[in-house]
Amino acid sequence: MTDRAGADDRGFDEDVVIVGSGFGGSVAALRLVEKGYRVRVYEAGRRFADEDFAKTSWDVRRYLWAPMLGCFGVQRIHRLPHVMILAGAGVGGGSLNYANTLYQPGTPFFTDRQWRDLAEWETELAPHYATAKRMLGVVEQYPHTGPVERIMAGAAEDLGVADTFRRAPVGVWFGKPGERIADPFFGGEGPERTGCTLCGNCMVGCRVGAKNTLMKNYLALAERRGAVIEPLRTVVEVRALDGGGFTVTTQRSGAWIRRGRRTVRARQVVLAAGTWGTQQLLHRMKQGGALPHVSDAVGRLTRTNSEALDGAVATRVPESLELARGVAITTSFHVDERTHVENVRYGPGSNLMGALASIMIPGDVTLVRRVGTLLARAVRAPVRQLRLGSLRRWSERGIIALVMQTADNSLTLSLRRCLGRSVLTSAQGHGEPNPSHLPQAHRAAEAIARRMQRDGGVSTEARGSWPEVFGIPLTAHFLGGAVISGSPADGVVDRYHRVWGHPDLHVVDGAAVPANPGVNPSLTITALAERALSYWPRNGESDARPAQRSER
């Protein structure tokens, strides 16, 4: 091995190339550079300093991700026939626009039939969850109580599930609001931090410096130890080499011309581009022959966390409630044993995502009846519906209800040709059908609306989403499709996250998650990555992991 300026004696430019810098990729970057590997991270999105984030979601060039249109923000939106997906972009991946919410799933996740026979997962992952919590600076209970927290507690009581109400574990430096201090987490080795001001704009990008994004922990420490992060580079090919290793080809993100293609050679590759990005690469590389041995199971067991995004909104701002004050998610309760509900907020001025909200209508009827019901309700009270649907001060008038389930449902993703190029598409997969609506979500939203109206003294109504009207649920937690398995017939990676048939290729992001966790998955992705990387040997030492079986 040589220094970074040149290739080693087999012509490799890097020991490890990591594709993506989210929760899995950031863990890989830090843990591998600590073990002596030369590490290069490619990230399609841009690098953000705190002051670079959008002030509100209306600054679409800094908020939305549409690089071909010159938008290099943190919020990706993808659409499949069976789901609309919200994801992250930028150095730090989903940590830049997630809701800082770091729940650990319950036992059903660890005992899902896809992986339960491979390990005692709940026990084996326990120390890695502890490490992930320490690294991400988890505060076990949101420390403030305001009107939204009281409304959520009241809604849980009205639904008869008050005993399930809890305050969310969040990754935020609260400190003294607005006060900047030296790193409080890593003995001064990390970046300076500023106490949370409860501005509510966590999901637009924290301009305060209180949110524990991956640039405040894993990635900051990895760069200090020598890892190289290249932003605005999209990986377009990963090709297996005869005799071992890979070539990784990148180009400038969003470039129409002068794409600046570059190729490096790496001994090993870690795919951590988020479920959408990792699946895109695996499907295309398998189809094109660059990774010919990827399992035919790629795309199966793609999960949406069985999710819905509904909520409640008032016709005018209930001034006494201060609905937009706090961090993004602060409390939760369970409607039933498998259905988890969280309140979500955006800060004042960040009203763009309100365009996804619609009149709530029954989901268990035909499309014609859904549209007919929506039109009838709009015509019956047009002024009221215009006021409810207005984006003006939307974030200050409502509470979003994020609903997640541990239900065993899935999609199967594959490639299809569209306008001369291959794109991802979906079909119903293993288990129950992926739901187009959740009755439990409607019940929760209606309970929140009733409490909000009572406490705020203003006219309030439960709301659904436009995609749901057309039978397409929303998810912020797209998972699976390259899942952990006992054989290549059942999944894409083994219990050490090595791709079956390409053992020097690894998947350590949400694509490897084998089941719906029913809670925000960021902590679980981090813990799984910590576990996977703990098995890697130090650079140059022998590998204690068993070799993969040769069966296909």
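From a predicted model like this one, the values you see are computed outputs, not experimental measurements.
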Asp183 side chain to Gly188 backbone, donor-acceptor under 3.5 Å: yes
Phe109: which of Tyr103, Trp121, Trp115 passes ring-ring contact (aromatic ring centres under 6.0 Å, His included): Trp115
Candidate pair Glu51 and Arg62, rule salt bridge (charged side-chain N to carboxylate O under 4.0 Å, His left out), full reasoning: CA-CA 11 Å; Glu51 61 272 15; Arg62 295 190 186 197; over 6 Å; no
Cationic N near anionic O, under 4.0 Å, Glu230 to Arg40: yes
NZ/NE/NH1/NH2 to OD/OE distance under 4.0 Å, Asp13 and Arg267: no
For residues 173-181, which side-chain N or O atoms pair as donor and acceptor with protein atoms under 3.5 Å away, sequence neighbours left out?
from: Arg180; atom 1: NE; to: Glu192; atom 2: OE1; distance (Å): 3.1
from: Arg180; atom 1: NH1; to: Thr194; atom 2: OG1; distance (Å): 2.8

Within 45° cone of Phe12 ring axis and under 6.0 Å: Arg265 NZ or CZ: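 Cation-pi check for Arg265 and Phe12: passes.
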cation_pi(Arg531, Tyr535) dist<6.0 Å, angle<=45: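 Output no; distance or angle outside limits.
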Heavy atoms from other residues, nucleotides or ligands near CD of Glu120 exceed 12 (cutoff 6.0 Å): no
Atom CZ of Arg224 with >12 non-hydrogen neighbours under 6.0 angstrom: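 Buried by this count: over 12 neighbours within 6.0 Å.
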Partner set under side-chain hydrogen bond (donor to acceptor under 3.5 Å, both in side chains) for Arg252, not counting sequence neighbours: none
Name every donor-acceptor pair, under 3.5 Å, that has one atom in a side chain of residues 128-137 and the other anywhere in the protein, sequence neighbours excluded.
from: Tyr129; atom 1: OH; to: Thr524; atom 2: OG1; distance (Å): 2.7
from: Thr131; atom 1: OG1; to: Pro127; atom 2: O; distance (Å): 3.1

Asp504/Arg498 under salt bridge (charged side-chain N to carboxylate O under 4.0 Å, His left out): CA gap, chis, key distance, verdict: CA-CA 7 Å; Asp504 289 331; Arg498 301 173 300 189; over 6 Å; no
Donor + acceptor pair across side chains of Glu342, Ser332 (<3.5 Å):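 No, Ser332 and Glu342 have no side-chain donor paired with an acceptor closer than 3.5 Å.
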Asn434 versus Arg303, side-chain donor and acceptor atoms under 3.5 Å: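 Arg303 vs Asn434: no donor-acceptor pair found between side chains.
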